[in-house]
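Everything on this sheet refers to the single structure shown next.
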Amino acid sequence: MKNEPPVIELKKVCKKYSDDTIALYDISFSLKRGEFCFLTGPSGSGKTTILRLLYFAEMPTSGDIMLDGLSVSAIKPSHLPVIRRRIGTIFQDFKLLNDRTVFDNIALALEVAGYGKEQIRSKIEQAIDGLGLRDKLNKYPRQLSGGEQQRVAIARAIVNRPSIILADEPTGNLDADFTMEVMDILDYLNSRGATILFATHDERLYEGLKRRVITIEKGRIKNIEE
Amino acid sequence: MASLIHRSLTGIITHPVNHFITIIVVSLNIFIASFFYLIYINLNSLSSYLQSSFKIIAFVKKDADPDAIPQIYKKLSQLNSVQSVAYISPEKALNRLKLIIKDDKEILKEINPDFIPPSFEIKLKKWALNTDNSQQLARKINDIEGISDVRYGKSWIESLSKIIITFRTIGIIGGIILFLSASFLISLTIRINISSKIKEIEIMKLLGATNSYIIGPFIMQAAIQSVTGSSIAILILYGVYWSLINNNVFSKINFLNLNLFLKVFDNISIIFLAPKDMLIIFMISAMISILTAYIAINRHLRGYLD
């Protein structure tokens, strides 16, 4: 177990855009399997860019990203969709499709992976267990509260049983009660083995918790609090 | 495939307004382009009819030996640009004249047909139907021994040549303009339609959808839209054609002094698009829609690495 490679590892990662804006400088850190790590820093510090690199919306300008010991630069573009299915993503704006029911929104993650109707139904049943969505499956996102919508987004992120969950300010649009609810769900998923990287600028979320906190400022790592 | 069809149809059912608007735009543009094409093929058919009715009349000398007639016939038939030669005897010519002046044919009752010289009616091959060729041929015919005079509608063939060139030019330029404007409007509508799906595309990419999984329904929807739109356009066009034929529109254009012109239409019928033409219209419409959808969707996918 000691020799197991980190689930996520960033090695001297830099990101420069075509307009010469430098979003990240020399970022290096790693996450062990089953770790729950906070990525924090003010708005515009580079947290979202790191997450975008991790779910392959962008490629680093230099440096390397390793997922389960596999270098991202060595992954063929045609294999990226398969790898994305192993990563669950949760966002501040939920990214739900308003013209689809809760069931259809969650099912989308399984449909793209090629699952059949019966498998989809059974996997959704398992995923919503403990998320309090059983009686909401036929509702549309606009009929749900913010907290409920985020639970749907979480259900969609975990329905494929991903080993990594990337959360980008998932509580940013929620009040205190819903925020605690989301934190509890993520804690529960972490206890079941998921590796979680949680980006937030709200320090109240990690204060007093025995979690690693990586602070980013102006695209550089300012501090790693073990 | 079943999943692709299901996803495509679900997309149409959940966003009926977008798809309805796209189908209307496709129908309208294909209707305008097809209507123009219908006019073009009918004008072409008219010009072919007018071409086929063109002939050169060669009059035989009155004192010519009757045995020389077959010789002249042979010489005329051997000319390169000649399609057919018909001998018109004085009797036949007189009968024709009687038919033309139906009401006053009594005037010709006592007339001896011999006052009309025998003649040959010469029809030209299609490629030879132009001013230069007909002039040249008329000269050659005039040089044949036994021919006294050659008549042909010089100004008529000149006008016909101009009309044909004008039809073709209008056809080509108009066709290109209509094709481009139809392509532009159809592609614009499809692009707007796809732009409204950016969020859906982004979410599907995040969830690990392959490009072909995302592109498939858009292509199929574009194909459905183009086939439906083109079918509606062809049906409307047939309706317009049917009402033109059944209401005999040409006979109602009496306010202009077009009697002679309208007589031409008595001999030809308005034609509708051939199955081959309809197939071409369907294929062009489908090509525009599918290609546009493919380009538009790829533009949105370009933001991703795969």
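Only this structure's heavy atoms are used, side chains among them; waters, hydrogens and symmetry mates stay out. What you see is a predicted model, and the numbers here were worked out from it, not measured in a lab. Reminder, nothing fancy here: chain letters follow the sequence lines and each chain counts from 1.
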### Task
Please say whether more than 12 non-hydrogen atoms of neighbouring residues, nucleotides or ligands are located less than 6.0 Å from NZ in B/K162.
no

### Message
Can you tell me which portion of A/R86 sits under 4.5 Å from chain B's heavy atoms? Options are side chain, backbone, both or neither.
### Response
neither

### Query
From B/I203 CD1 over to A/N105 CG, what is the distance, rounded to the nearest 0.5 angstrom?
7.0 Å

#### Entry: Choice from A/V82, A/T89, A/D99 maximising heavy atom contacts with chain B below 4.5 Å
A/D99

### Query
Above 12 or not: heavy atoms from other molecules or residues under 6.0 Å from OH of B/Y40?
yes

### Heavy-atom pair with the smallest gap, counting every atom of A/K95 and B/L206
CD-CD1, 3.9 Å

### Message
Does B/R7, at its CZ atom, have more than 12 non-hydrogen atoms belonging to other residues, nucleotides or ligands within less than 6.0 Å?
### Response
yes

### Message
I'd like to know if the side chain of B/K199 and the backbone of A/L96 have a donor-acceptor N/O pair within less than 3.5 Å.
### Response
yes

### Query
Just wondering, are more than 12 heavy atoms of other shown residues or ligands nearer than 6.0 Å to OH in B/Y238?
no

### Query
For A/A113, is it the side chain, the backbone, both, or neither that has a heavy atom closer than 4.5 Å to a heavy atom of chain B?
neither

### Nearest-0.5 Å distance that lies between atom CZ in A/R84 and atom CE in B/M204
13.0 Å

### Message
Atom CZ of residue position B/F184 - does it have more than 12 heavy atoms of other residues, nucleotides or ligands inside 6.0 Å?
### Response
no

#### Entry: From OG1 (B/T14) to CZ (A/R100), nearest 0.5 Å
7.0 Å

### Query
Atom CG in A/L97, atom NZ in B/K197: separation rounded to 0.5 Å?
9.0 Å

### Task
Assess whether atom OH of B/Y294 is packed by more than 12 heavy atoms of other residues, nucleotides or ligands within 6.0 Å.
no

### Message
If you compare all heavy atoms of B/A209 against all heavy atoms of A/V112, which two are closest, and at what distance to 0.1 Å?
### Response
CB-CG1, 3.5 Å

### Message
As an exercise, state the distance from NE2 of B/H6 to CD of A/E111, rounded to the nearest 0.5 Å.
### Response
8.0 Å

### Task
Please say whether more than 12 non-hydrogen atoms of neighbouring residues, nucleotides or ligands are located less than 6.0 Å from NE2 in B/H15.
yes

### Query
So with a 6.0 Å cut-off around CE of B/M283, is the heavy-atom count from everything else above 12?
no

